[in-house]
Protein chains: 2
Amino acid sequence: MTPPADPPPKRTTYRHGNLRNALLDAAVELAREGGPDAVALREVTRRAGVAPNAAYRHFADRGALVHEVSQAAMAQVARTMEAELAAVPATDDPAARARARFRAVGTGYIRFATREPGLFRTAFHVPADMAYATDTTAAGAGGLTPFEILSASLDDLVTTGILPEDRRPGAEFLAWSAVHGLSVLMIDGPLRGITPDQADSAAQDVIDMIERGI
Amino acid sequence: MTPPADPPPKRTTYRHGNLRNALLDAAVELAREGGPDAVALREVTRRAGVAPNAAYRHFADRGALVHEVSQAAMAQVARTMEAELAAVPATDDPAARARARFRAVGTGYIRFATREPGLFRTAFHVPADMAYATDTTAAGAGGLTPFEILSASLDDLVTTGILPEDRRPGAEFLAWSAVHGLSVLMIDGPLRGITPDQADSAAQDVIDMIERGI
DNA sequence: ATTTTTATGTGGACGGTGTTCACATCGGGG
DNA sequence: CCCCGATGTGAACACCGTCCACATAAAAAT
């Protein structure tokens, strides 16, 4: 029950040596636990064992720090989607494979949202002052952003003949809306408090709807 | 360019007489302009021309105040949906009418989100400490919550034979997810900055998907 | 090798916030 | 009529983000 943290390592050198990363790590941890609002600059510096102002040598202000956390969180979304894609069993049927991969993309997205709600909310946090509305992209290990991963899976649906070509334009936003909406409703909407099993089931239902309705 | 506000009316009586409502009104206005985080207790009391602590005679803490704003915002969602429903042209064909009403429900929801993003975000704001996770419902003029309005419109789809009965269970969450997701993506997601025309068009596309996929 | 520049971390301050405690002021029920 | 409970006030505390002037040490220039 010592919530503050382990004793700060009492750095001996004047320079920290890796402050920027230390700050970022602490900030990510805070966001993981409590969402974007929980990222307090002072607490972050405290955990790094450094004076509050030291943060300003590495980040313009709190917004810049949160923005970087947001980027990191978005990259984690991409990685979770990639992991789900990698778990898709091999098949000879390219159409079945394309379908399974499309479903994996959506499943990974929703899984990340329910497993890491704090980071998920941070990934989609847009600051009030619009200063950091830069769409600097955040990619996963494969170098693709979540949006690009989704797009690729939709392209495969078209090339395998599952999705008619004339339905392709704008399909990203239809799929994204449904999957994102379910995520939000489960995280802090009326579906909050659902069990993980129910969450997975709901995810599959929503993806079913997308496949039929897209 | 006097952002603070008009001069506080310099109340003469010791009692305010209507403080609770005055505080709530100011809080709603702040939420309207900047979302839930913009609701500052001190600013609210300032606008009501009263000392900061006076708020604690009417609300347990800031969370309680924001929660009430959230309820009020949810009620406005319901009213917007009702307004959209009322605008559905009369028809003899009950099936066509049911479809139109279902679409109106979704359209109203998305319209409110894009027109009042601050209130929309506040309506779905769940406090960090989970203290106010009470699901006290917020109804519109017709006495129905947004969720109940949606449910009713889905019931009508079933009775008019548009929606097969076996697809009815859980359909609320499918529809809600898609519509809510689009709203969020347009408010502070990657679809932010879209024109109102594009927003309406995207809304219709999403509702099309729901109708096909539900 | 010595000096100077630059990057990085510190200390102190200011104004903002939510919240609590003790106190002031009234309005209405005994 | 009086007093008591409801309502509003004042001062204080802790926390936050941010800015200023300053300290320190590493790197670059001499």
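Reminder, nothing fancy here: chain letters follow the sequence lines and each chain counts from 1. Here the structure is a predicted model, which means the values were calculated and not measured.
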Seminar exercise, completed: Here the distance between atom P of D/dA14 and atom CD of A/Glu43, to the nearest Å, is 17 Å
For this session: Assess whether atom CZ of A/Arg168 is packed by more than 12 heavy atoms of other residues, nucleotides or ligands within 6.0 Å.
Result: yes
Problem set entry | Lys/Arg N to Asp/Glu carboxylate O, B/Arg99 vs B/Asp156, below 4.0 Å | no
For this session: Among B/Arg32, B/Arg121, B/Gln76, find the one that has a side-chain hydrogen bond (donor to acceptor under 3.5 Å, both in side chains) with B/Glu116.
Result: B/Arg32
Problem set entry | Whole angstrom value for the distance that separates P of D/dC15 from CZ of A/Arg62 | 17 Å
Problem set entry | Close side-chain approach of A/Asp188 and A/Val184, heavy atoms under 4.5 Å | yes
Problem set entry | Which residue lies more 5' along DNA chain C, comparing B/Ala40 with A/Ala51 via nearest heavy atoms | A/Ala51
Exercise. Does B/Glu82 pair with B/Arg79 as a salt bridge, N-O distance under 4.0 Å?
Worked result: no
Problem set entry | Basic-acidic side-chain contact under 4.0 Å: B/Asp200, B/Arg111 | yes
For this session: Look at all strands and tell whether B/Ala54 reaches a base, only sugar-phosphate, or nothing, counting heavy atoms closer than 4.0 Å.
Result: base
Exercise. Is a donor-acceptor pair below 3.5 Å formed from side chain B/Arg42 to base C/dG16, judging by atom type as modelled?
Worked result: no
For this session: Calculate the interatomic distance between A/Leu19 atom CG and D/dA25 atom P; express it in whole Å.
Result: 16 Å
Exercise. Any side-chain N or O of B/Arg46 less than 4.0 Å from the OP1 or OP2 oxygen of C/dT17?
Worked result: yes
Exercise. Taking atom P of C/dT17 as reference, at what distance in whole Å does atom CZ of B/Arg47 sit?
Worked result: 11 Å
Exercise. With under 30° as parallel and over 60° as perpendicular, where do the rings of B/Trp176 and B/Phe147 fit, or are they tilted in between?
Worked result: tilted
Seminar exercise, completed: note: B/Arg20, atom CZ; D/dA6, atom C1'; distance rounded to Å ~ 15 Å
For this session: Pull out every residue in residues 26-36 of chain B that has a heavy atom closer than 4.0 Å to any atom of DNA chain D, ordered by number, or say none.
Result: none
For this session: Write down the distance between CG (A/Asp37) and C1' (D/dC16), rounded to a whole number of angstrom.
Result: 13 Å
Exercise. Rounded to whole angstrom units, what separation is found between the CG atom of B/Leu23 and the P atom of C/dG18?
Worked result: 12 Å
Problem set entry | Atom-pair distance (CG on A/Leu41; P on D/dC19), nearest Å | 11 Å
For this session: For D/dG8, take OP1 and OP2 only and decide whether either is under 4.0 Å from a side-chain N or O of B/Arg57.
Result: no
Exercise. Does a nitrogen or oxygen in the side chain of B/His58 sit under 4.0 Å from OP1 or OP2 of D/dA6?
Worked result: no
Exercise. At under 4.0 Å, does any side-chain N or O of A/Tyr56 touch on OP1 or OP2 of D/dC19?
Worked result: no
